[in-house]
Structure formats: structure tokens, C-alpha cells
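Please read the structure below before turning to the comments.
A, B, ... follow the sequence lines: proteins, then strands. Residue 1 opens every chain. In this text the structure is predicted, and so the values were computed from the model without any measurement.
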Amino acid sequence: METEDNWDEQASAVEARLAAEALIVDVDGFEGPLDLLLTLSRTQKVDLRRISVLQLAEQYLAFVDKAKSLRIELAADYLVMAAWLAFLKSRLLLPPDPDDEGPSGEELAAHLAFQLERLNAMRQAAARLMARDQLGRHFFARGISENVTEIRQISYTASLMDLMQAYARLRTKDDFRPYTMDRGKVMTMEEALDGMRHLIGFAGDWTDLTSYLPEGWQHDPAMRRSATASNFAASLELAKLGLVELRQHETFAKIELRKKDGQRG
Amino acid sequence: MDEITDTESLFEAPPMAEQERMVEAILFASADPVSLGEMTNRLPHGSDAAAALEHLKKRYEGRGVQLARIGDGWAFRTARDLGHLMHKERVQLRKLSRAATETLAIIAYHQPVTRAEIEEIRGVSVSRGTIDQLFDLEWIKFGRRRVTPGRPVTFVVTQGFLDHFGLESARDLPGLRELRAAGLLDNRPPPGAILPDDDEAEEEGQENLFDDDNEGAEA
Amino acid sequence: MDEITDTESLFEAPPMAEQERMVEAILFASADPVSLGEMTNRLPHGSDAAAALEHLKKRYEGRGVQLARIGDGWAFRTARDLGHLMHKERVQLRKLSRAATETLAIIAYHQPVTRAEIEEIRGVSVSRGTIDQLFDLEWIKFGRRRVTPGRPVTFVVTQGFLDHFGLESARDLPGLRELRAAGLLDNRPPPGAILPDDDEAEEEGQENLFDDDNEGAEA
């Protein structure tokens, strides 16, 4: 007997706990405090305009307390709402203070009731909207669009969304664009190659590679670095093609090049 | 000058029955609604597209396809009662989340509406994904900026939205009149809040609902 | 043929007028011609698809669309004599290239803006073709000359641009923060990603080739 009693007791405790948790765990299912309030208000089974905001506030506060006792973390907006409702509750319970200039408890309560009614109305409107016959499900558009495709007249189009996304892409490209060097200060190897091809015609004798740096690239360090590197790469390329010879007397000495014998004249 | 007069008299508008045939052909060929303006451009000079459309609409009453008005556009759509025959054509629509359907309804009934107003009504912040999804479906677009500090952008529904839900205009939204009469479409500020002119906001709201029909025309 | 059998069958077929409506809706919505066999399968049990098709064909005689037999299937087709109306349907809509869209966006957001400023924002030179295209579309025009050395011309957007994009003024364009708030900045393709369609990328490549030529010629 005793054990059975115990067992019953335990069972009911577990049951209660589960029930409490079910309500709390459902917090995830609520879309914010207003939604929770709307759900709680349903238990009053009255017109939303005549709802007892005081009772509703108490239900909400009890809910939050229960959540706390179960150590369930509530999002900040639930707690803000709880604080506001506690304030509202005190306003509704205390006789109005004639010196207080703020809105009365009744006004605040009426507004909350309005918000709940409006949310409820929108929810019903959404349901009615989705319950309508829908294109592609209940009624249908022409299956074949007879766009004869013989003509070549092209008309360009863009949507506002394209435009805005293009702009957004441009204005935020620094946030995410891959590492690329800015054009102004960078000489590509192709450019260097082009320049050197023209110049080596005049280089009969060994000439310092650095003298090939084009106008305007000698002074700014970043530009000079880029041009030097590209020129060096270009000279290797030209050597590979058998157009020039390269020499360097020792490590870090200057690099010289000249037109290859066979190419001269 | 003389030439122009000559050509004008030479090419008279075709008889109404012929205009009706033309409108019929053009609408049949297109899956998307064709606006009255475009129709007028495509018909021979001097035609009365609006009248031809009215005739055509009558002709198709009770048929398997119907001529439907969608915003400023017109399109043929299959009769609602025959949807069950179209299982082959039925497209799988992604189920919208509750947040998305509510946000859509708020935009439709309160348009033009700002993000802050949507959040005020739902009592919860609007996620990017929700707005994104509605943009992807081409059911909402940006409306005019609100003439209030910060000039916030507004959202409105599109012609595609009207087409999808079989609405002639945003004014035909179910229950719109009742909601308006009950004051549930008001943007009522919390008591004690300082705010811009109430009248102005309301006036703008109304004006814009009418407006929306025009905007549908542009889209 | 077997009318007697049909009426005697357990499931009564809908009246012929109703079958005709059904055939009409099915043919309208179908993307491909529908064969007699398929039509029979899709109609309620006991229906006579062949007869319904014949009735429907008669009904459309002389109309703007005709019920035509294509191979062993049936489909609606525009009446032959109205083919000329489909001219505009043949206009091929092509998406504006990325270069042009970006240039247009910069002009819209920064107007009046000089060519040099556009290039600075885009980080690449702007081809003459791109600007020309935007002029051809009548979406941009010359603004006032800038009162700076060289008095460079500026570009601004036109009324036609505002009409096309459904804007009342260029000030109605949403700002960056709003784009981000609406989640539009998260949708951007990762850097260097393949553009939505390959043609576009290719086209752009070509355009850039022309670019270089033009720049060379100008220099």
C-alpha cells in the first residue's frame, strides 16, 4: 500500500511537472510576448475588447515566475513585457494619482487590449488569405506562352531589385571582395612585357634592369616595387623566349640584361 | 500633313468583334497579366481595348477559362471549380511559415507599412528571412518612403500577389472593410506617446491603398 | 458511340457542356499538347473526350484562338491571321548586363555624377558602350557640367527611369542600411562566384574586350 501510494504521488508530481514544462517549453512556439499574451487571453474566453487585462497580467507574470523556477531562460523581450505588466498591474490596482500626468492604467490596458485584438485580427486575416484559391494550386495560368522567337529585337530590362543589389554589391565590395590589388599602383607582367619588348631593341649592351622602369613608376615605393617585380618576371620570360640574356655577378647585385646576339641587328 | 490624315482614314479601327478576337489572342498567348496600356499599344490604332475586354469577359462567363482582372492587368485563368482536374499542372508551393503569412497579411492590409509598424503589430522583430522570402516570391515590393523623420521605406504588395490570390485589387482583400470599420487597421499609438499628426497618417494610409491600384499598373 | 452504356454506368459522366468546360481548362493550362488518351484519363469516368473536343473546336471557330490538332495531341493556338499581333511578344527581353546595372545604380544613387566618379566607385573603367546603352534606353541623360577643372559632364537619371522602376523620385531609392535591414545584402553572391547565368558572364567578358578597344581608340 505504502509503496503504491508513494508511486502515485510520484507519478502525479511528475505529471504536474511535465504539464508545467510543456507550457514553458512552448516558449519556442510563441512569437514573442504579445503572442503569448494572446494565447493566455484565450483562456478567458471573452471578447478581446472586454478582456480582463489585470487577470491577463497576472497570468503572464505567473508564467514568467514558473519559467524562472524551472530555470528556463526567457528572451529579454519576455522579461521587458513582464516588467511592464507588473507596472500596469500596480496602476490598475492603485487609485489614480491626480498629480500623475502619464496615461492612466485604464488607457494602457485599453491599448494592450487593442494590440491583442489587432494581432488576432491579422492572424485571422492571414488564415483567410491562405485559405483562398491560389494560382498554380486551384486555378491556373496559360501553360504555353506563345512567344514566337523569330525576331531579334532585344529590349533590355532590369528590376529595381537588380539595381539595388548592384548598388549594394558595389558599396559593400570592400567587405568581402577577394584580395586583388588596386589597379593604379600595380603593373601587370603583360604590361611590363609590352614595355620591355619595345625597349630591348635599343639595348645592345648590358643594361641595368632597373633602368627599364617606365616613366612615372620610379618614385612611389609601391609602384616601383610592382614595376620592378613585373619587369623582372618579364625579363625571365624574354630570356626564356631567347630574346635577351641576363646576368648577375653575385647575390643581390644588380641584374643586367642585353639583347641576345642572334637577335641583334 | 495630308498624308497623315489619309492614312488615318485609310486604317480605321477594326470592328469591335475583330478587336475582341485580337484581345483574345493576345491574352491567350501570355501567361502573365497584360496591362490595359500594353493592350492598347498592341491593338490597331483607334481600338478600344477596355470595351473589347469587357465584351470578352462576358463571352467567357461560365466557361472553363475566365477572363480575370488583376490590378491594372488582364489575364485568362482556369475556372476555380476545375482545379481538381489540374493535378498535373499543380506546382508545389513552399509552405510559408506562420511569421511569413502574418507578415504578408499585415503588409497587404496595412500597406504601405514600415518594418517598425509590422514589428509593432506582431510584437516581435521581423526576421530578414521572412522579408526575403516574400521578396523572392515577388509578393511584396518597396513602396514610397514615409514622409516622417528618417523617411523609412514601406512595403506594399505586388500585382503578383493579387494574381496569386485571385484578387482584382488590394481593396478586395477578404474582410478589409470590416477590419477598417472596427479600427483594427489603425496605426494607434500607445497612450502617452508623442507622435506626428494622427490625421495625416490616417489620410496617407487611405490614399495609399487607392494608390496601390495605380502602382500595380506600373509594375 | 456508347451513349447507352455510359448513361447506364455507375458513375454518371457530367453533362457534355461540363465536359467541354473541363477540356477547355485542361488544354489552356497544359504546357504541351494533350493527347486524346491523356484527356480521357483526366476527365471524370464515363466522359467522351473526343466529342467534347469536337464541340470545343466548333465553339472556337472564328475566334482569336483556335483549337488545333498537333500530332496526336490537341492545343490552343493563336488564329493564323492574328500572328502580326504577336510581334511585340517577340521582343526578347534580356537582362541588363552587370556592368550596365552597376553603372545605372551608381548614377541613380549619386546623381549628378561624372564618369570619373563612376569609375572610382566601380573600380574599373566604364565603357562607352555601357553609357550608350543607358542613353539608348533613355534611362540617363546629361546633367549640368561640374564646376571643377575640365568642367566634366555629369549624368543623371531620367523620368523614363523613374517610370520604369516605379519610383516617384530618385530619393525613393532605399538606402544601404535599409537594404541590409531587408536582408538584401546577404544575398549577394560570394566574390568571384559564377553569375546566375553563364551568358551574362560571357557577354560581360566580350563587352570588356570592346571596352579596351574603345579606351585604346580614345587615348
Checklist entry - In Å and rounded to the nearest 0.5 Å, what is the CG to CE distance from B:Leu82 to C:Met22? => result 6.0 Å
Checklist entry - Got a second to check how far C:Arg42's CZ is from B:Met86's CE, nearest 0.5 Å? => result 6.5 Å
Side chain / backbone / both / neither for [X] at chain C, heavy atoms under 4.5 Å:
X       : answer
B:Leu85 : both
B:Arg77 : backbone
B:Leu27 : neither

Checklist entry - Going by the angle between their ring planes, with limits at 30° and 60°, are C:Phe28 and B:Phe28 parallel, tilted or perpendicular? => result perpendicular
Checklist entry - C:Glu38 versus chain B, heavy atoms under 4.5 Å apart: side chain, backbone, both or neither? => result side chain
Checklist entry - Take atom NE2 in B:His55; do more than 12 heavy atoms of anything else shown fall under 6.0 Å from it? => result no
Checklist entry - Does atom CD of C:Gln111 have more than 12 heavy-atom neighbours, drawn from other residues, nucleotides or ligands, at distances under 6.0 Å? => result yes
Minimum heavy-atom distance between [X] and [Y], given as atom pair plus value:
X       : Y       : value
C:Gly64 : B:Ala25 : O-CB, 3.5 Å
B:Arg21 : C:Gly62 : NE-O, 2.8 Å
B:Glu24 : C:Val65 : OE1-N, 4.0 Å

Checklist entry - With chain B, which of C:Val23, C:Leu56, C:Ile26 has the greatest number of heavy-atom pairs at distances under 4.5 Å? => result C:Ile26
